[in-house]
Every structure is written in structure tokens, then in C-alpha cells.
S.K.: 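Before anything else, here's the structure in question.
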Amino acid sequence: MKHIITLILAFLICFSLNAEVRIHMEKESGVYKVPCTVNGLKMKFIFDTGAAKVCISSSYAEMMLENGYLDKSDIKGTSKSTIADGRVIDNVVINLRKVEIAGLTIENVPAVVVPTQNAPLLLGQSVIQKLGRVSIDGEDLVIHNANLYSDEELESLVEEANDYMTNKIYSKALDLYMTIYRSLDENINPWILYNIGFCYIQLDDRSNGEKYYLKAIELANDDNSLLYAAYQKLTTSSIMRNDYKNAVNYARLLLKYSNTITRAHCLHEIAEAYYWQNDFSNALYYYNEAINDFNNNKDNKDVLYYSYDYINSFHRKGDILIGKLHYQEALDVYNEGKKILSLYHKYSYDDTENLERLLDEGIRLCHLGLAGY
């Protein structure tokens, strides 16, 4: 069955390239400060992992506003905070359009203006989390997986990977997707993981392919389209590895995320897993279920995208019946399959010529069996 590659260009914020950046912090009055540029203004912030947001004093905010480093449109409202003596105070919330740290750029950072003239400048988690994973090495702030690309550059990187995928240049697509993946950390888009899995499968590395499909499933949440696509690939890959037990399990999960259009296909996949496991009793049951579902939706052109499965279900059912020496019943099934093929093969994206040959061979064997040979 032809595979449909789906790439969703989303969650492009907070991407980072697999690189390490070291920032030498300046020690002043017992605290370490990080040199930054905010909206073009050079500043020094105390590196504070305990602060939730960036904090600046009211005197700094006034100076920035007076000198054009802040606009009135950057003032976003107020928030409340509790100070040391237990009082709750109102703080002005502003938007810092561009914060640059050691060549790394973070856009649209929320900051709190503390209503104290001499309040320290604090570099909080709203920036730290976007830098990447950070650690302290002596007087150096080390940023792991540092963000070296703008959002526009990252979008271009994803589009380039998508182009390679579309053109079936899977090794280059994989390299780009892995570069993106290493940067994502907890912000990962599960469709990126899905595409990594797909590339590995196309490059005949089923072990890694399945690993990344499972990673995508872990992060899929309620994205049924992703869950369906990943379980479909896992089912097919497991059959190709002769791991029929897992193939059955994945196919049953695939059925859970199916809809009217895909249900018959899922039933066929379960039947296939049982068939290759030589569990012909269960296989026959699910081939019948698939055929019945196809029959109920035979006028739906979307369902008939899977018409190859429709026809193949007759072929497999006939083979099982021949194995049971039920030649007449098998002959009727093969003939029905031939009839379906003549009506619906044009809707299939797969080559049905081989199926026609197999149906003809089944018919020939039924005639020999009925003749006593």
C-alpha cells in the first residue's frame, strides 16, 4: 500500500541546533551577571534560575521608554506578585521584542517591571528555558543545544527536509530531521519524530524506524491522525520483520483510531497479521469483517482508496478455504474477487495486476481440486 507522507509545519518556536555556547559571566558584589542586549540596549542581568520571568527596575524601564528602546505598545498590562514582607503588589508587564545573548536571539520575551528604582535586573526562566539546557562551569554559563537559527531559518530547514522527503532522498531528509530533533528537547513536534521513523524505514533500518514511531506516539496526545499513521507503519514493519504478535497488537490499536473511511483497511491489516502468523481461523474472521465493511461502503470513493485491500481480502480468504479443501466455496470467493477487481481496481494506488494473476491461479487450483486432482 502506498504511504502518504504527512508533514505538519508547526511548533517552530524554541528550536535549537545541536551546539554548545559558553558565556563568561561577570562577578559583581557576589553575584554573576550575564551581558545581554535588549532591543539594542546593552545591559547586564543577574543569572537567576529561581526567577520565573525577566525582571527590570522601574528606573531602567523609564530610561528605555524615554530613549526609544521600548514603545508604549510594548506595555502589556499588569501582574501581581508577593514581596518579602508578604504584601501583594502590582507589576507592569512589558514585552522585550529582542533579547540577544552571546549571539543567540530570543524574540518577544515577557518581563516584569519591579516598582523599585534600584531593583536588580534578573534573567529568569522565561529566557533561560528558551536558550536550551544550561549548566554552570566555573564562571561560564554553558548553553547546550543552543539556538543558532531564527524562526524563519528553522522553517526553511523543515521545508528543505520536506522537499527531500517528497523526492525520496531519504538519507538527506533524515539528516535534516535529526538535526531538528536534537534541538527540540521537550518542545518536540511528534510529526518530526514520525518523519524520522519513516526515513529510517525507507532506508531499511526497521529497528530505528519503529523506535521513532513509538516516540511519536508517546507525544501524540489526542492527535488521532498521527496515532493512526504511526500504528499503521508499525503494523506493516512488524509484519515485514515476521514479528506477527506485535503486528496484531499494533493493528488492533490502529483499529481504535480508524474512522468510516479507514476501518475496513484496519480490519484487513489485522487479518494480514494473523494470516502471516498462520492463525488462519482469526485471519478468516477478520478478512470476512473487512469484506463486509467494504461492501457496506462500496459507493464511497474515499473508502475505495483501499480497494487493493478489498480485493486482497478475497484472495486471502480463498487461499485459506483451499487450505481447508473447501474448493467450491473458495472458487466462489475468487470469482467474487475478480468481479470486485474489474469494478474498483481503478481506485487503487497499488498495482492490481499481480492480484489478478493470484486470483486466476486460485481459480485454476479450485477447478483441479473439484476435478479430484
S.K.: Show your working on side chain to side chain contact (heavy atoms under 4.5 Å, CB included) between F198 and Y212 and close with a plain yes or no.
M.R.: CA-CA 8 Å; F198 186 90; Y212 281 96; over 6 Å; no
S.K.: Drop me the distance from H265's NE2 to Y305's OH, to the nearest 0.5 angstrom.
M.R.: 8.5 Å
S.K.: CG/L219 to CG/N189 distance, rounded to the nearest 0.5 angstrom?
M.R.: 9.5 Å
S.K.: Tell me yes or no: between the side chains of R252 and N249, is some donor less than 3.5 Å from an acceptor?
M.R.: no
S.K.: Give a yes or no answer on whether the side chain of N167 reaches the backbone of D163 with a donor-acceptor pair at less than 3.5 Å.
M.R.: yes
S.K.: Go through the side-chain N and O atoms of N312 and D309 and say whether any donor and acceptor fall under 3.5 Å apart.
M.R.: no
S.K.: Quick check on Y327: does its OH atom have over 12 non-hydrogen neighbours (other residues, nucleotides or ligands) under 6.0 Å away?
M.R.: yes
S.K.: State, to 0.1 Å, how close V114 and C55 come at their nearest heavy-atom pair, and which atoms those are.
M.R.: CG2-CB, 4.0 Å
S.K.: Can any side-chain N or O of D205 pair as donor or acceptor with the backbone N or O of I201 at less than 3.5 Å?
M.R.: no
S.K.: Could you please spell out the steps behind the salt bridge (charged side-chain N to carboxylate O under 4.0 Å, His left out) verdict for E139 and K27?
M.R.: CA-CA 8 Å; E139 295 187 349; K27 192 172 184 179; 5.6 Å; no
S.K.: Could you check I94 against L70 for side chain to side chain contact (heavy atoms under 4.5 Å, CB included), going step by step and ending with a plain yes or no?
M.R.: CA-CA 9 Å; I94 61 174; L70 283 177; 3.8 Å; yes
S.K.: Look at the side-chain heavy atoms of Ile, Leu, Val, Met, Phe, Trp and Tyr, link any pair under 4.5 Å apart, and say whether L193 and L254 land in one connected group.
M.R.: yes
S.K.: Does R316 make a cation-pi contact with Y287 (under 6.0 Å, within 45 degrees of the axis)?
M.R.: no
S.K.: If only side-chain N and O atoms count, and only distance matters, is there a donor-acceptor pair under 3.5 Å linking S237 with E210?
M.R.: yes
S.K.: Out of curiosity, Y274 OH to K245 NZ, how far, rounded to the nearest 0.5 Å?
M.R.: 11.5 Å
S.K.: State, to 0.1 Å, how close I101 and C36 come at their nearest heavy-atom pair, and which atoms those are.
M.R.: CG1-SG, 3.7 Å
S.K.: Does the distance from a Lys or Arg side-chain N to an Asp or Glu carboxylate O, for R364 and E361, drop under 4.0 Å?
M.R.: yes
S.K.: In Å and rounded to the nearest 0.5 Å, what is the CG to OG distance from L65 to S58?
M.R.: 12.0 Å
S.K.: Any idea which heavy atoms bring L226 and P190 closest together, and the distance?
M.R.: CD2-CB, 3.4 Å
S.K.: So that I can tick it off, tell me whether R97 and E107 are bridged by a salt bridge, with the cut-off set at under 4.0 angstrom between side-chain N and carboxylate O.
M.R.: no
S.K.: Salt bridge or not between K44 and E28? Use side-chain N to carboxylate O under 4.0 Å.
M.R.: yes
S.K.: With hydrophobic residues grouped by side-chain heavy-atom distances under 4.5 Å, do L331 and I322 end up in a single group?
M.R.: yes
S.K.: Establish, from distance only, whether the side-chain atoms of T262 and N259 form a donor-acceptor pair under 3.5 Å.
M.R.: yes
S.K.: Which is it for F280 and L284 under the side chain to side chain contact (heavy atoms under 4.5 Å, CB included) test, yes or no, and what are the steps along the way?
M.R.: CA-CA 6 Å; F280 298 121; L284 186 60; 6.0 Å; no
S.K.: With a 4.5 Å limit on heavy-atom distance, are the side chains of Q202 and L174 in contact?
M.R.: no
S.K.: Please check if the side chain of K76 supplies one atom and the backbone of S73 the other of a donor-acceptor pair under 3.5 Å.
M.R.: yes
S.K.: Side chains of L359 and I311: does their closest heavy-atom pair fall under 4.5 Å?
M.R.: yes
S.K.: Find out whether Y213 and K215 are in side-chain contact, i.e. whether some heavy atom of one side chain is under 4.5 Å from a heavy atom of the other.
M.R.: no
S.K.: Work out which heavy atom in F314 is nearest to a heavy atom in V333; give both atom names and the distance.
M.R.: O-CG1, 3.1 Å
S.K.: Are D293 and N296 close enough that a side-chain donor and a side-chain acceptor fall under 3.5 Å?
M.R.: no
S.K.: For residues H24 and D140, report the shortest heavy-atom separation together with the two atoms involved.
M.R.: ND1-OD1, 3.2 Å
S.K.: In Å and rounded to the nearest 0.5 Å, what is the OH to NZ distance from Y344 to K339?
M.R.: 9.0 Å
S.K.: Please step through side chain to side chain contact (heavy atoms under 4.5 Å, CB included) for the pair V38 and M64, ending with a clear verdict.
M.R.: CA-CA 10 Å; V38 178; M64 292 176 72; 3.9 Å; yes
S.K.: Please check if the number of heavy atoms outside K256 that lie under 6.0 Å from its NZ is greater than 12.
M.R.: no
S.K.: Under the rule for salt bridge (charged side-chain N to carboxylate O under 4.0 Å, His left out), what residues qualify as partners of D319, not counting sequence neighbours?
M.R.: none
S.K.: Does some side-chain heavy atom of Y177 sit less than 4.5 Å from a side-chain heavy atom of M165?
M.R.: yes
S.K.: If you measure from CG on D223 to OH on Y257, what distance do you get to the nearest 0.5 Å?
M.R.: 10.5 Å
S.K.: Does a donor on one side chain and an acceptor on the other come within less than 3.5 Å for Y194 and K233?
M.R.: yes
S.K.: Is there a path of hydrophobic side-chain contacts, each under 4.5 Å between heavy atoms of I/L/V/M/F/W/Y residues, joining I291 to L343?
M.R.: yes
S.K.: Is there a donor-acceptor pair closer than 3.5 Å between any side-chain N or O of S57 and the backbone N or O of Y60?
M.R.: yes
S.K.: In this structure, is the centre-to-centre distance between the rings of F294 and Y310 below 6.0 Å?
M.R.: yes
S.K.: Can you tell me if H268 and E289 form a side-chain donor-acceptor pair at under 3.5 Å?
M.R.: no
S.K.: Could you check whether any side-chain heavy atom of I270 comes within less than 4.5 Å of a side-chain heavy atom of L255, counting everything from C-beta outward?
M.R.: yes
S.K.: Of all heavy-atom pairs between W191 and S225, which one has the smallest distance, and what is that distance?
M.R.: CZ2-OG, 3.6 Å
S.K.: Check for me, please, whether L341 and I363 land in the same ILVMFWY cluster - side-chain distances under 4.5 Å, paths through other members count.
M.R.: yes
S.K.: Quick check: do N300 and L304 have side-chain heavy atoms less than 4.5 Å from each other?
M.R.: no
S.K.: Got L121 and I46 here, is their nearest side-chain heavy-atom distance under 4.5 Å?
M.R.: no
S.K.: Decide whether K211 and N208 meet the rule of one side-chain donor and one side-chain acceptor closer than 3.5 Å.
M.R.: yes
S.K.: I'd like to know if the side chain of N335 pairs up with that of D332 as donor and acceptor (distance under 3.5 Å, no hydrogens or angles considered).
M.R.: no
S.K.: Does any non-hydrogen side-chain atom of C366 lie less than 4.5 Å from one of Q328?
M.R.: no
S.K.: Are M63 and V99 connected in a single hydrophobic cluster, I mean Ile/Leu/Val/Met/Phe/Trp/Tyr linked by side-chain heavy atoms less than 4.5 Å apart?
M.R.: yes
